[in-house]
Amino acid sequence: MREIIFVGNPNAGKSTLFNALTGAHAHTGNWHGVTVGATSKLVKKENQAFLYTDLPGIYALTGYSMEEMHAIRYIQEKNNCLLVNVVDVRTLSRSLELTKSLVRTGVPVIVALTMCKRFQKQGGTIDVSALSQALGVPVCAVDAFSKSDVVRFNQIIQKSRLPFPKTGALDGFSLKGIYTPQIRKESLVESICYNRFACIPIFLLLTFAVFFLTFGECMPGTLCKNFLEELICERLTAFVANYLQTPAVCALVCDGFLRSAGSVLGFLPQIAILYSFLLFLEESGFMSALAFTADGVFSKLGLNGRAVFCILLGFGCTAQSILSTRGFEKKSMQERTILALPYISCSAKLPVYVTLLSSFFENPFLAVVGLYGLGVVISLGIFVLQSRGEMQNFILELPEMQLPNIKFFLKTLRFRLKQFIIKIVTVVTAFTLAVWFLSSFNFQFSYVPMQQSILAHLCEGLKYVFYPIGVYDWQTAFALLSGLIAKENVAGLLGLFYPQGFAFSSHTALALAVFILLCSPCISAIAASAREIGWKKSLFNALFQTVTAVFASYVTYYVLQAHVLILGVLLLLFILFIIKRICFERIYRRKSVQLKDVHR
Amino acid sequence: MGSFLLLYGWYILIFCVILYSMNLSQVKNGEYATIIQINTEESVKQRLKMLNVCPNAKVQVVKRSLFKSSLLLEVNGVRLGLRREIAEQIKVLRLYI
């Protein structure tokens, strides 16, 4: 088995090429540092096996951030492999340093030039065969979106036994006559997006518009959701119920399977809109513009603009955004970010919010936006509380903004939605079926009402968790806590337990939504954070988040019951606390002075 | 006068360079500058070199971020964002183009 490793500068198109060659679905995007760990895929062809490996982008064989160290160690450990050096032809003169040091390692190297079309459009020229001769290694221009190019490149790297490079040719190498760089002009869109006063308002406006499209009344998101929900929960259930006579089987299929799966699957259109917005931000390069502009805000919080990437990815999936914190240079910064990231509502929390709120609000749009906003504010607040006044470096290369390739965009969106459906059909349905079974039978395995079932005996005590806020049954508490396994479970179980609507008030529903917002992320996110900061810390974080979430839901409930009065008092206390903190900082420590240095 | 310039010309030139050199964070938006010296720690210096920011390179300061915490530079076709604290450690000579 031969290993083929993709190496190159960040944002050169390694993952895109890797996906095109192997048919994999590695995460791609138009910003620097998308890939954070090695992704491998085994490809078998004519009795031969090839292991393709995609690595995080590196600038040189001496690392700077954590993910780069990881990639460099990976290259140095392997010896029987082929290195595919992916080079963005627009930055060739800079990338050659890496190419040269790769050639000097003595491993077979092949150079793949990407982005040639755009380069030529901007007036650059390159002589590929002359470059190949000068470097002493094969050079190939590849367009990852063209099928014929990909097939041709695959044949080259699989078939030929590449010669070991001669390192002598590299000294005195120059690009003169081979390469003329393109002329980069700042487009209108770029100059607007990088404007420090325009960028953040544009982003907020876009986000608001997307939320309106998703949750607003008579908007495509809500309409599609209602349609899909009716299709699955009402029509399909009624259709299936006609054919099933035994009550137990009918209840299993209709209540246990269709209703709960339907109550989550119905959110597919809304999640699709959210995903395509995030995908657009990533692929267009707007995220980098935002990271640059918002660096001013994050510098005040003791972070740098890179945090924007983590926060925006957090709207998709918390586990993924936790992994993306590897792009930071310092471990302490990563730990702080990981503690704050779970408060960003991931896409799986969306169905729960809407399920909880839509039965009490005519139009849950504003409430949902408020919850999302509250999550962002809380995570920023945590950054503030933890900031130690240490200076963070910020060096980030900024990509050229471009319109995403439509075909590619749709393919990625389809893949992400497919994963969502697969998760619902496997994990969530299996869990709901198990719960249905436990809540429908007693210990003698006879079909009984829910209150005498196995689950009722086991989880009776859970009802005291939310007793102070007006939830007097164990089902709700159980459903909410089942979010630990996967947040989609919550909506599914609420659909299973309350087919006719909830038995509590709107204030309670809001308090429960706050609980979901603040409680610990699902098990996969905890595992991801354990990989980064260790099990002990991440389990402690999860416990802390869940306990504070319970208390925060109590506070929300009582604030809503006593209306504005308590809210005002709390706000006043909070402001006093912040002022006291700022004064304390003024007196006892200046910026960048550690507390322990002062009290000696 | 000619002999005076021949004798002290180099000193005057060096004096002028010191007089007109400033750090990168003092360069205004849209202006160009040549880098003379980079005084940051070694790892940052290496990273900057990979992004074309090295002595003798011509830099344009394109924009600044919110609260002017970072600078958007353009160096030989590479665009990068750079924290002001690092830019303060980079000595440059302003170019009047």
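Chain A is the first sequence line, chain B the second, and so forth, proteins listed ahead of strands; every chain is numbered from 1. All values below were derived from every heavy atom in this structure, side-chain atoms included, with hydrogens, water molecules and symmetry-related copies excluded.
- Heavy atoms closer than 4.5 Å to chain A are found in the side chain of Leu48(B), but not in its backbone.
- The CZ atom of Phe292(A) lies 9.5 Å from the CG atom of Leu396(A); values are rounded to the nearest 0.5 Å.
- At a 4.5 Å heavy-atom cutoff, Ser95(A) makes no contact with chain B through either its backbone or its side chain.
- Your options are Ile200(A), Val297(A), Thr91(A), Leu98(A), and the one with the most heavy-atom pairs under 4.5 Å with chain B is Val297(A).
- With rounding to the nearest 0.5 Å, the separation of CZ in Arg83(B) from OG in Ser65(B) is 8.0 Å.
- With salt bridges taken as basic N to acidic carboxylate O contacts below 4.0 Å, none links Arg79(B) and Glu400(A).
- The shortest side-chain heavy-atom distance between Val111(A) and Thr99(A) falls under the 4.5 Å cut-off.
- Residue Asn9(A): no heavy atom, backbone or side chain, is found under 4.5 Å from chain B.
- With respect to the salt-bridge test (charged N to carboxylate O, under 4.0 angstrom), the residues Glu397(A) and Arg94(A) qualify.
- Per-residue heavy-atom pair counts under 4.5 Å with chain A were compared for Gln46(B), Arg84(B), Arg64(B), and the maximum is reached by Arg64(B).
- Heavy atoms of Val53(B) lying under 4.5 Å from chain A are absent altogether.
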